[in-house]
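Step one of this worksheet: look at the structure below.
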Amino acid sequence: MTDSAPLLEVRNLRTEFLTDAGPVRAVDGVSFEVEAGATVGIVGESGSGKSVTALSILRLLAENARIGDGSRIAFRGRDLATLDEDEIRRLRGGEIAMIFQDPLTSLNPVLRISKQLVEGMLAHGRQSQAEALRHGIDLLARMGINAPERAVSGYPHEFSGGMRQRVMLAMGFANNPSLLIADEPTTALDVTIQAQILDLLKTLNREFGTAVLLISHDLGVIANVCERVLVMYAGEVVEEGPAEALLAEPRHPYTWALLNAVPRLDQEPPADKRLTAIEGAPPDPSEPPSGCRFRPRCPFAVERCGEHPDLLPVAEGRKARCWVTQAGERLLKPSTAAAVSAPAAEAGQPMLSLRNVVKHYPLRRDALFSPRKVVHAVDGVDLDIGRGETVGLVGESGSGKSTIARLITRIQKPTAGSIRFGDIDLATADRSVLRPLRRRIQMIFQDPYASLNPRMTVGQILSEPLRFHRLVRGPEEAKARVGELLEMVGLSARAAERYPHEFSGGQRQRIGTARALAVEPELIIADEPISALDVNIRAQIINLFVGLQQRLGLTFLFIAHDLAVVRQVSDRIVVLYLGKVMEVATARDLFAEPLHPYTRSLISAAPIPDVAAERKREHIRLAGEPPSPVAPPSGCRFRTRCPVAQGICAEIEPPLAEYRPGHRAACHFSGQA
Amino acid sequence: MSQAADSAAEAWHADRFGRWRRRFGLAAFGAAVVLMWIAIAILAPVIAPYPFEAVDVTKRLLAPSAQHWLGTDALGRDVLSRLIWGSRISLFAGIVVVAIGAALGVLIGGVAAYAGGRAEELMMRATDLVLCFPPIILAMAIAAALGIGVRNTMIAMLVVWWPKFARLARSLVLVQRSQEYVEAAVVMGYGSGRILFRHIVPNAVGPLVVLVTLDVGQAIITFAGLSFLGLGVVPPMPEWGAMVSEGRELVDQWWVATFPGLAILSVVVGFNFLGDGIRDWLDPKSRRR
Amino acid sequence: YAQKKTTLVVGLDISDGRNYDPARSADLTPPLTMGAVSETLLTLATNDLVNVKPSLATNWTLVNNGAAWRFTLRPGVKFWNGDTLTAEDVKFSLDRLVNVKDQPATYASNMGPVTIIDPMTVEIAMKNPKEPLLLDLTAPSFAIYSAKMAKAQGAVSEPGADQNDKATPWFNMNSAGTGPYRMVGWERNVSVTMQKNPNYWGTPAEFERVIVRHIADGAAQLLAVRRGDVDIAMNLSAEQLDSLKGSADVSVIQGASTDTLYFVMTSNPEMNAVLAKKEARQAVASAIDYDGLIKGLVGGFAERSPNFLPNGIAGTTAEQTKEFGWKEDLTKAKALLAAAGVPNGFEFELIYPNAAYFSTSYQLMTQKIQSDLARVGIKMTLKPMDNVNWRAQFNGAKSQATTAPWNSPSPNPYLWTGASVQRVAVRMGWKPSQEILDLVAQGAAENDVAKQKAIYEKYQRILVDNANYVTLMQPIYRVAVHKNITNVKLTPNVWKMELAQIKPAS
Amino acid sequence: MFRYLVMRVAGMAVMALLATLVVFLIANQVPGDPVLAQLGDLAASDPNMVARYRARWGLDRPLSEQYWIFLKGIFNGDLGVSISTQRPVLDDIRQYAPATVELATVAFLLSIAVGIPLGVLAAIRRDTWIDNLARFISLAGVSSPTFWLAFIMLALFYGGLQIAPGPGRIDLSVISPQTVTGLYLIDAAIARDWEAWRNAAGHLVLPSIVLASGTLGLITRTTRASMLEAMTQDYVRVARAKGLRERKIVIGHLLPNALIPVVTLGGLAYAVLLTGAVMTETIFSWPGLGRYTFRSAVALDFPGIMGITLVVAAVYLVINLLTDLSYALLDPRVARERAE
Ligand SMILES: Nc1ncnc2c1ncn2[C@@H]1O[C@H](COP(=O)(O)OP(=O)(O)OP(=O)(O)O)[C@@H](O)[C@H]1O
Ligand SMILES: Nc1ncnc2c1ncn2[C@@H]1O[C@H](COP(=O)(O)OP(=O)(O)OP(=O)(O)O)[C@@H](O)[C@H]1O
Ligand SMILES: [Mg+2]
Ligand SMILES: [Mg+2]
């Protein structure tokens with residue numbers, strides 16, 4: 001082992017799964033290095049083989065996985081692929097630690113934190129039980145957990161997601177590893193928490209000198225943490241290079257597409273509100289296309305792409321697997337289309353107007369006479385939606401976004417308040433009044449898998465509402481209309497005969513959209529319709545919405561937790577925190593001059609896929625986690641995490657005051673940071 | 001683990017039948033056994049070598065032989081013929097009890113779960129009440145009270161059987177009810193009946209089919225057990241449990257009790273395999289390699 | 001087992017036994033125990049059911065113009081605790097039987113007041129001197145026990161005993177009699193345990209202990225007796241007994257009984273219009289394969305009496321059956337059917353209890369009869385039910401036909417004849433003629449054996465012709481005995497097998 | 001927590017009483033007449049005797065009054081007197097219960113002791129011979145009718161091979177131990193009568209295997225399934241990534257999770273074993289509650305049936321509670337929910 005040898009060297013890694021449908025080659029000839037103390041990121045769409053690559057290193061794959069013969073995974077010069085079980089076991093958690101995506105399921109629910117924390121240390125036999133526990137408590141403190149002595153005796157369910165991920169990190173660092181593999185450690189967390197964890201990762205890397213292999217599908221996260229980036233597509237590395245250069249000027253069309261498919265917080269959305277989306281979906285890993293695997297979706301493809309390209313150097317320290325950039329072509333920034341004048345929102349009477357809407361969920365009584373606890377999911381929300389307007393609703397998880405959607409669509413009945421739709425108060429309307437209204441208000445759901453009835457064909461799903469609401473006469477007409485609807489959302493009419501499970505997530509989301517459109521609604525509530533999708537598919541769906549909105553003049557309530565996305569599609573934005581509105585403004589005003597400290601921290605917490613820009617940004621980091629909606633804080637709900645909170649905030653609840661026409665905020669110190 | 005990927009792939013192809021066998025083999029075997037018994041039940045008049053009630057006390061308790069493959073019973077009747085005819089009753093009782101029980105349970109449990117509130121509470125309490133009793137003893141008491149006979153015994157079994165399905169149906173409906181596609185149906189304005197029967201029930205049917213299939217076996221055993229205790233069929237109708245009961249006092253004439261017992265075992269195993277198979281097939285998580 | 005020599009184990013289904021109090025027990029199996037632990041004034045020899053033999057009484061004469069019997073007690077008889085038997089004990093035991101007013105009191109319906117003449121002499125009056133009493137006194141309910149011991153446990157013999165008597169729990173675990181053994185324990189559905197009575201007046205018992213072991217299952221009893229775990233297995237079926245053929249360890253002994261199994265058909269037209277016709281009933285009686293039933297189902301171990309009275313009682317014999325009892329005759333059956341106006345047969349329903357009978361079961365027998373009757377076109381449908389329902393239906397005169405067992409606590413012929421024209425007749429909707437009622441009364445009053453026989457033969461002939469009752473069989477009981485023991489003899493009522501005579505094999 | 005317990009107990013008690021009412025109503029719909037059935041032929045035709053019996057058992061009163069008497073009895077700890085055995089129902093139950101409890105407990109321990117390890121092994125060594133064995137055992141267990149299995153076992157091991165002791169709780173030649181608890185194994189141990197202990201233990205072998213067959217299969221199956229389920233969970237991969245040994249992962253991580261559903265099932269199984277031994281008891285001449293219940297049911301012995309119903313409901317109640325409590329012990333999530 002020479003000094004110049006990298007800490008980890010992966011050569012020609014091939015991993016395949018033997019499945020019922022045939023062998024699946026999930027990773028196909030991946031090579032890369034991680035130097036000691038380095039930070040390396042891997043990005044790529046879902047299914048591109050990121051996790052399998054990571055798991056292959058520690059040989060933590062499922063039973064049906066096989067690592068190919070020519071693969072070499074050298075860690076400090078030893079080939080991990082050929083170590084026996086006991087030797088690799090000693091490396092795991094010792095020299096190489098790994099943390100996973102879902103902190104909720106990564107901790108054993110029935111064991112105390114202390115046990116889970118120390119067992120990794122004890123397994124490597126370096127410490128006694130007592131020492132291990134003390135070390136563990138120190139680590140927890142280091143990871144930013146309050147009162148760690150008390151915390152260790154708790155059970156995982158007593159911790160929030162962010163806390164659990166900190167515990168996971170503590171476990172990872174327990175044995176001072178020289179390499180930490182983090183597989184999407186922040187994907188399941190809210191932006192504000194994500195920012196905390198990423199900061200922590202950076203510090204740990206710096207202070208412990210631990211190399212980090214960070215996996216993410218979010219270029220912004222990678223840009224935030226990593227020096228080098230690998231981009232994976234269909235089991236291959238398609239591009240590799242220093243983060244800054246790679247993000248500034250991608251040399252592979254796939255990287256280019258990834259970069260342009262996400263709306264950026266630091267850039268105004270184009271006037272037509274569209275994103276650059278590449279069509280199609282990643283290839284089926286059991287039958288990769290011949291030649292360049294990206295060719296079927298590549299907007300730059302040339303004839304040569306029928307030949308499979310190698311990963312070759314394209315610049316100093318950079319490699320790409322592309323014939324086009326090999327030949328020296330540059331991948332230009334997509335041209336922004338000429339602005340189409342969006343129909344301005346009509347002034348005057350709003351189409352829908354919520355006044356002081358409240359929804360409380362009583363929890364089940366623990367005993368007969370114990371007081372009933374109540375979840376204050378939505379706690380006095382005012383909201384107006386004008387005709388033809390798109391209103392965005394953002395907020396952290398649990399802030400009550402979905403509840404508002406459910407109340408407007410009357411899946412649930414509000415506890416108090418009024419929801420006026422035209423002349424009718426939806427909050428109190430009974431079944432018969434509601435029925436004709438149903439088709440005028442529609443909803444698009446978050447989960448593309450759960451929101452379509454798996455036992456019905458797409459045709460049945462779409463024609464049922466048509467016939468139920470007597471919008472068509474006879475099956476012939478229904479069939480024709482179904483065809484039209486499918487084409488409207490960019491699917492072929494033939495899709496009508498198939499079942500939902502035969503479609504990909506993005507396609508299903510289109511079907512769900514078609515279903516909502518079928519009854520020709522005036523208002524569509526879209527509850528995080530893109531959260532579950534990959535960036536590219538996301539871009540496709542956003543473009544679809546934008547197109548529909550412009551063509552049909554629909555009114556949208558668009559719910560998301562991703563600020564950039566909301567900004568991309570919305571005219572006006574409402575920021576929600578713990579069941580209360582914190583700020584309302586037009587998209588432009590909100591970003592140009594956020595008034596509420598919460599809005600400001602949200603904006604600054606979202607990472608940007610641009611290393612230089614990221615470095616320049618001002619960061620307001622929120623401490624802690626949102627309080628429980630069972631017992632919201634007195635006064636201003638945000639005060640427990642607010643960087644500018646003062647005494648008054650605990651006593652007086654700030655009203656949602658108008659600071660400028662159309663720009664309201666609920667803060668005693670609006671605009672002061 | 002690091003064996004040659006290519007040879008692994010080859011082996012994978014070569015073992016296609018093996019995989020099919022591992023995945024569907026047991027289910028296929030179960031289905032075959034069940035179908036065989038159904039065929040036997042249907043064809044009983046054709047294939048039974050003797051009438052099932054042909055008493056001939058001069059030929060009693062003959063050991064299995066060429067004339068009487070499975071021997072004769074205490075009244076000189078051919079055990080094989082009685083076994084063949086007996087399949088009709090066992091299958092009929094098992095299938096009908098479970099079918100009606102399931103239909104009833106689904107109706108009650110499904111509606112209760114969907115309606116919620118009082119109706120649900122009432123149904124839960126009613127099932128609690130039935131579940132207070134050990135099933136076999138309750139069935140026994142009811143069968144004894146109603147009088148012996150296939151129909152009465154089946155009624156007794158139904159009384160103890162429906163709560164199981166009502167509870168299952170309830171939990172299935174509860175699971176489905178919170179699914180987004182149901183919310184979508186609500187947003188569309190569909191009525192409760194439509195949502196329940198067109199959307200929820202078809203999706204809850206899978207686990208139900210599994211339970212129903214597995215349960216036919218249990219119902220057959222229970223019916224045979226009640227028969228064994230003398231609460232099942234009216235003689236001379238042949239029934240497997242009753243046949244075991246007739247033979248259990250015979251120590252040297254093992255064939256009288258052994259064969260009907262084996263018949264019960266085989267048909268129940270058949271249904272269990274089939275049910276397991278359907279479960280595996282419906283549930284991608286439990287799919288085997 | 002060295003132990004075997006001193007302990008006798010009997011395998012028996014004793015689940016029917018609800019108590020072991022002589023004044024209360026009316027179940028089938030307790031007499032086996034009660035007969036071993038206490039004695040009656042008079043007894044019967046195994047082979048003679050007509051003439052009573054001395055037991056605790058050595059001498060008896062009619063007194064008071066034939067209205068009472070005077071008994072002289074056997075001298076020197078001691079209870080197991082060493083006390084001597086006196087007339088006091090006799091009066092106490094018999095008075096308690098009557099005054100506890102439980103089921104056995106009905107057997108003593110002809111017993112009048114009991115009077116102590118002197119310590120060794122006692123007189124028992126009869127309510128109806130025309131009816132016999134002596135045979136009744138041989139029944140186990142008339143056991144004599146120690147008044148002192150019983151009173152100490154709360155026994156009461158005066159009127160009001162039905163409220164005040166508290167001794168039954170003690171009698172369930174203990175005995176106070178003079179028998180060769182004494183009872184020391186009963187665990188319901190487990191066992192009854194007896195110990196040798198050291199003060200027995202006769203030949204002392206051969207075993208230190210006797211355990212009557214509850215084994216419900218015939219098959220289990222068979223296995224147990226084969227292995228020598230029990231010495232006697234009492235509830236074996238014909239097949240199980242057959243399987244012991246050729247066994248070196250276990251032999252089968254047999255003994256005639258006075259129990260019968262009879263087949264009854266209603267003559268109530270509301271129950272079944274066809275059966276109500278005598279010819280139809282006769283057709284049924286002619287179509288049954290009696291020999292097949294006996295040879296086929298109980299291995300030939302049964303006789304058949306001509307009708308309600310069993311062979312061995314009041315001069316009834318198997319020859320009479322051959323002479324005038326029902327025989328299988330299908331041609332005759334068809335002719336009778338034609339005479340009844342149903343040449344192509346008819347249908348009726350038979351109820352039966354879901355239980356074992358003797359060494360077979362009602363279920364098998366009725367199925368056999370069902371197939372017999374089918375030969376002449378008579379369709380008999382079966383309706384099994386549990387014992388309780390069956391009793392209620394039969395006793396309540398709600399059955400068209402059934403099979404029922406008859407056994408009697410003592411060999412008094414009137415216990416059969418009286419019942420046949422009274423209680424049982426009612427159940428069948430049969431109104432007996434004056435002629436047969438007179439015959440029954442005459443038979444009961446007749447002391448001359450030959451004359452009595454003639455009266456009862458006439459009585460039986462009428463019953464046969466009437467065809468309400470058809471006797472199917474009179475079982476010959478068989479039990480399996482392990483070679484560990486010898487000298488096992490059965491009495492006509494098998495549950496009274498004389499345990500005292502059994503000896504260990506030397 | 002305490003209040004929760006009280007509410008549960010009260011709720012179940014009400015259910016149990018309702019259950020007796022149901023039984024009472026069923027029993028009274030029956031065509032048979034217990035008096036006619038209990039009285040002999042002679043006595044049944046004596047109207048005075050019949051009337052005395054009716055009065056003695058309270059059968060001459062109106063239904064509602066009969067039920068009221070029964071209820072009053074319960075609150076005085078009196079379940080009435082059985083018509084068919086003529087003893088207090090409580091005495092009967094006290095006599096028969098130990099045999100059943102002993103048998104059910106041994107069968108339960110057997111199912112647990114074999115079922116859990118077998119299920120665990122089967123899941124870990126999936127698709128190997130041991131998995132197949134486990135599947136076979138669980139399938140055979142749930143598929144074979146108990147009454148038949150009992151017959152075959154007895155014929156084979158007692159009658160044929162003569163390696164097992166016969167029916168009953170103890171050999172006829174062995175004196176049963178002095179009754180303290182009624183459980184022979186415990187009583188014999190108290191009396192230090194090891195001969196009797198061995199003998200009684202031997203007698204438990206066949207019936208407990210037969211009785212356990214169904215639950216053993218169920219427990220094996222459930223353990224296997226929940227182990228497999230647990231094995232797919234992320235925390236297992238995490239544990240592996242920490243460098244733990246497989247043994248430790250199985251014992252320390254998988255089992256505590258996989259056993260949770262098994263506990264629920266186990267409680268249920270014990271209740272089933274306690275109350276479902278009719279067939280086994282019949283064939284093995286086991287003097288237990290199962291047969292007593294069967295006999296009471298067919299003899300239409302109202303007091304007997306109602307007493308049994310109440311006891312059974314109580315057993316279910318206690319077992320349910322214990323199950324819930326152990327559930328809370330095993331699963332901290334539940335414990336907190338309750339405690340709050
Ligand atoms: N156990 C398995 N059996 C069969 N195929 C598998 C298995 N695990 C992963 N795969 C396949 O391997 C491919 C790569 O999966 P991998 O988990 O590495 O993707 P990923 O890039 O991490 O995606 P995500 O962003 O969704 O986590 C996918 O096509 C997946 O279906
Ligand atoms: N049926 C319910 N019963 C009790 N509490 C509920 C229920 N539905 C939602 N809640 C609670 O109400 C609060 C708001 O939930 P809601 O689903 O509206 O949040 P959200 O903003 O949509 O979050 P996410 O981004 O996670 O979807 C949460 O704390 C949630 O736990
Ligand atoms: Mg992944
Ligand atoms: Mg939501």
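Chain naming here is simple, since letters A, B, ... match the order of the sequence lines and numbering starts at 1 in each.
Taking CG from C:Leu382 and CD1 from B:Ile148, the interatomic distance works out to 11.0 Å, rounded to the nearest 0.5 Å. Between the CG atom of B:Asp56 and the NZ atom of C:Lys368 there is a distance of 7.5 Å, given to the nearest 0.5 Å. For the atom pair CD of B:Glu246 and CD of C:Gln367, the computed distance is 6.0 Å after rounding to the nearest 0.5 Å. If you take CD on C:Gln370 and CD on B:Glu53, they are separated by 8.0 Å, rounding to the nearest 0.5 Å.
If you measure heavy-atom distances from B:Arg248 to chain C, the contacts under 4.5 Å come from both the backbone and the side chain. Looking at C:Leu297, both its backbone and its side chain come within 4.5 Å of chain B, counting heavy atoms on both sides. Looking at C:Arg226, the atoms closer than 4.5 Å to chain B (heavy atoms on both sides) all sit in the side chain, from C-beta outward. Interface remark: C:Leu364 contributes backbone and side-chain atoms alike to the contact with chain B (heavy atom separation under 4.5 Å).
Counting heavy-atom pairs closer than 4.5 Å to chain C, the top residue among B:Gln253, B:Arg77, B:Lys59 is B:Arg77.
Other residues, nucleotides and ligands contribute at most 12 non-hydrogen atoms within 6.0 Å of the NZ atom of C:Lys383. For C:Arg375, the CZ atom is densely surrounded, since the number of other residues' heavy atoms within 6.0 Å is greater than 12. Applying the 6.0 Å contact sphere to OH of B:Tyr50 captures more than 12 heavy atoms from other residues, nucleotides or ligands. Surrounding NZ of C:Lys379 are at most 12 heavy atoms belonging to other residues, nucleotides or ligands under 6.0 Å away.
Between B:Val57 and C:Gly296, the shortest heavy-atom distance links the atoms CB-CA, 3.9 Å.
Considering only heavy atoms from C-beta on, B:Thr58 stays 4.5 Å or farther from C:Lys295 through its side chain.
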